Amino acid sequence: MKQKVHGLFTFLSITIIIFLVAACNLPITTQPTSDSTGVLQTMVALSLTQTAIAAPPQQPGSEAATEIPTPMTPPDNTAMPIVHTIMPREMQAIESTIDDVAFNSDLFGTGLYERPYTEINMVYHGDVDLQKVTLSTDSTFFYFDLTLKDINPDTRVLGANYGAELDTDQDGRGDFLVWVYQPPTTANWDINGVAVFADLNNDVGSTRPLASDAPIKGDGYETELWPGKPMTDADGAWARLNPNNPLSVQIAVKRSLVSNPASFLWSAWADDQIKAPYLFDYNDAISLTEAGSPYKNSSDYPLKKLALVDNTCRQAWNFKPAGKEPGYCTPAVQPTNTFAPGKPTNTFIPGKPTNTVALSTPSFTPTLKVITKTPKPTFTPTTACTDVQIGAQVTDGSTWDPVWASGVTLCLSGDCQHPDSSGYVIWYRPAGGYTIEASSSYGITPASASVKLGCGQKSLTQFVIGPG
């Protein structure tokens, strides 16, 4: 009897399951009532909004963690009829400028990239080489103008992704990112392919903002503020080609989208490889060994998983900087590109022409002149210039933590200083020879270094802390 009951129960269970599965696959034709319409629309909107948030990065330590992620899908801002209320105007008076040519060193350890070359083959791409970027405003928009060196050598257009990053609380972590996925091809303002991201959980920069903490798990700019689905503001962010310069991309973003800050630090980006705001900061997601180096004499040369990318140091808008702000564009943060920290001097960067002077045969015979020797002066003329810049950088071999500063002292002719928050000490002296003396409770190498500079010259010596 028990076996019959059990068999009947099993049969009924299977029948009920089959019925439920079939019912789930039946089309639902019932129309929502007027009371339920708003709820249904809200549920659809929430579902679509979730799809706009960027996918998180791979778990560090897995094989896939070092793979170059697929670039994020550009937003389609033309999927529905759009009526614009206000459009950007012509850019107004320039309020802030960054000259990237003056600071074009690649400093992976502090999040500054000068890598407009392809991976492995190191082919130069001028459309990923920022030259100068400017910022202006009006009552509605922030405007950014990004000037590039040249067009893409293959497509003959500006073909990278371009963006502007805002650090509104000046703590070294980016807070908002305006990103142009589809480079504009005309001088007409257009919203298509433009997105605005925010880092709401404050993990851009990982544990040490700007410094490399790779490999660290994080989700970077995890929130797409605009355009969003559904789009709530058709006029949020725009891009176009500069009507007066085909090598310049202009971006406009509504003040209200980025919380209408009273002041901020800002920088610019050009990216034609990773193109993934959810991986910011890149030097936290990718190690130096994985990323590669643009310097030929580096053991990490050539570029690998972090190629075709260029960004700028950070400039202030609407406040007077103290010069110690994280990533700020000062000589203490940005050495000249003739001496990259941790790299040999006079390192050849591929893709850049050398200053070669072609010699030609003179077309005339100069007249022989009699040279009269003047007596040797009995005194040594005083050097008039005082613009010699003597710089020193301290790292542990790749990065710097500001907590180490009190344990490190650098002296030049009795002028002793601790490194700043970025690991630098800068002195300004007349032309001549100088010796930097270094001491540290952690140990430091070398213990001293000598430089000799003429008027207008600069130097940067790197010291490495730790047991020698």
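Just so you know, these numbers come straight off a predicted model, no measurement behind them.
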Any side-chain heavy-atom pair of N188 and D190 under 4.5 Å: no
Under 3.5 Å donor-acceptor, K304 side chain and P302 backbone: yes
Polar side-chain atom of R314 near backbone of G172 as donor-acceptor pair, under 3.5 Å: yes
Within 6.0 angstrom of K254 NZ, more than 12 heavy atoms from elsewhere: yes
Partners meeting ring pair (Phe, Tyr, Trp, His ring centres under 6.0 Å) with F176 (sequence neighbours left out): none
Member of D284, V403, D401 meeting the side-chain contact (heavy atoms from CB on, under 4.5 Å) criterion with R208: D401
Close side-chain approach of Q131 to D100, heavy-atom, < 4.5 Å: no
Student check: side-chain heavy atoms of I191 and M231 closer than 4.5 Å: yes
Test log, rule salt bridge (Lys or Arg N to Asp or Glu O under 4.0 Å), inputs D310 and K149: CA-CA 12 Å; D310 188 13; K149 179 68 174 179; over 6 Å; no
Test salt bridge (charged side-chain N to carboxylate O under 4.0 Å, His left out) applied to D203 - qualifying residues, sequence neighbours left out: none
Residue pair F264 / D167, side-chain heavy-atom distance below 4.5 Å: no
Donor on one side chain, acceptor on other, W179 and N161, under 3.5 Å: yes
Contacts of type salt bridge (charged side-chain N to carboxylate O under 4.0 Å, His left out), residue K132, not counting sequence neighbours: none
Set of side-chain contact (heavy atoms from CB on, under 4.5 Å) partners for A268, sequence neighbours left out: L130, V133, L146, T312
Non-hydrogen side-chain atoms of P184 and Q250 separated by less than 4.5 Å: no
Aromatic centroids of F280 and Y278 separated by under 6.0 Å: no
Neighbour count >12 (heavy atoms, 6.0 Å) for atom CD1, I120: yes
All pairs passing disulfide (SG to SG under 2.5 Å) where residues 391-428 contributes a residue, at least two apart: C411-C416
Worked check of side-chain hydrogen bond (donor to acceptor under 3.5 Å, both in side chains) between S450 and T435: CA-CA 4 Å; S450 298; T435 299; 2.9 Å; yes
CG-CG distance between L306 and D271, expressed to the nearest 0.5 angstrom: 8.0 Å
Under the ring pair (Phe, Tyr, Trp, His ring centres under 6.0 Å) test, residues paired with W427 that sit two or more places apart: none
Side-chain donor or acceptor of S422 paired with backbone N/O of Y424 under 3.5 Å: no
Partner residues of R89 under the side-chain contact (heavy atoms from CB on, under 4.5 Å) criterion, sequence neighbours left out: Q92, D138, Y143
Distance-only donor-acceptor check, side chains Y124 and D129, under 3.5 Å: yes
Distance-only donor-acceptor check, side chains N311 and S267, under 3.5 Å: no
Y113 side-chain N/O to W269 backbone N/O, donor-acceptor pair under 3.5 Å: no
Geometric class of the W317/F142 ring pair [parallel <30°, tilted 30-60°, perpendicular >60°]: perpendicular
Set of ring pair (Phe, Tyr, Trp, His ring centres under 6.0 Å) partners for Y434, sequence neighbours left out: none
Close side-chain approach of F144 to L166, heavy-atom, < 4.5 Å: yes
Partners meeting side chain to side chain donor-acceptor pair (under 3.5 Å) with W238 (sequence neighbours left out): none
Partner residues of D396 under the salt bridge (charged side-chain N to carboxylate O under 4.0 Å, His left out) criterion, sequence neighbours left out: none
Sub-4.5 Å side-chain heavy-atom contact between V451 and Q457: no
Residue list, salt bridge (charged side-chain N to carboxylate O under 4.0 Å, His left out) with R173, at least two apart or on another chain: none
Atom of S206, atom of D213 and distance for their closest heavy-atom approach: CB-OD2, 3.5 Å
Minimum side-chain heavy-atom gap W404-V394 below 4.5 Å: no
Pair L303-T118, side chain to side chain contact (heavy atoms under 4.5 Å, CB included): steps then yes or no: CA-CA 7 Å; L303 295 179; T118 60; over 6 Å; no
Check: N283 side chain, F108 main-chain N or O, donor-acceptor pair, under 3.5 Å: yes
Set of residues satisfying side-chain contact (heavy atoms from CB on, under 4.5 Å) with respect to A316, sequence neighbours excluded: L265, F319, P321, Y328
Within the 6.0 Å centroid threshold, strictly below: F141 and W189: no
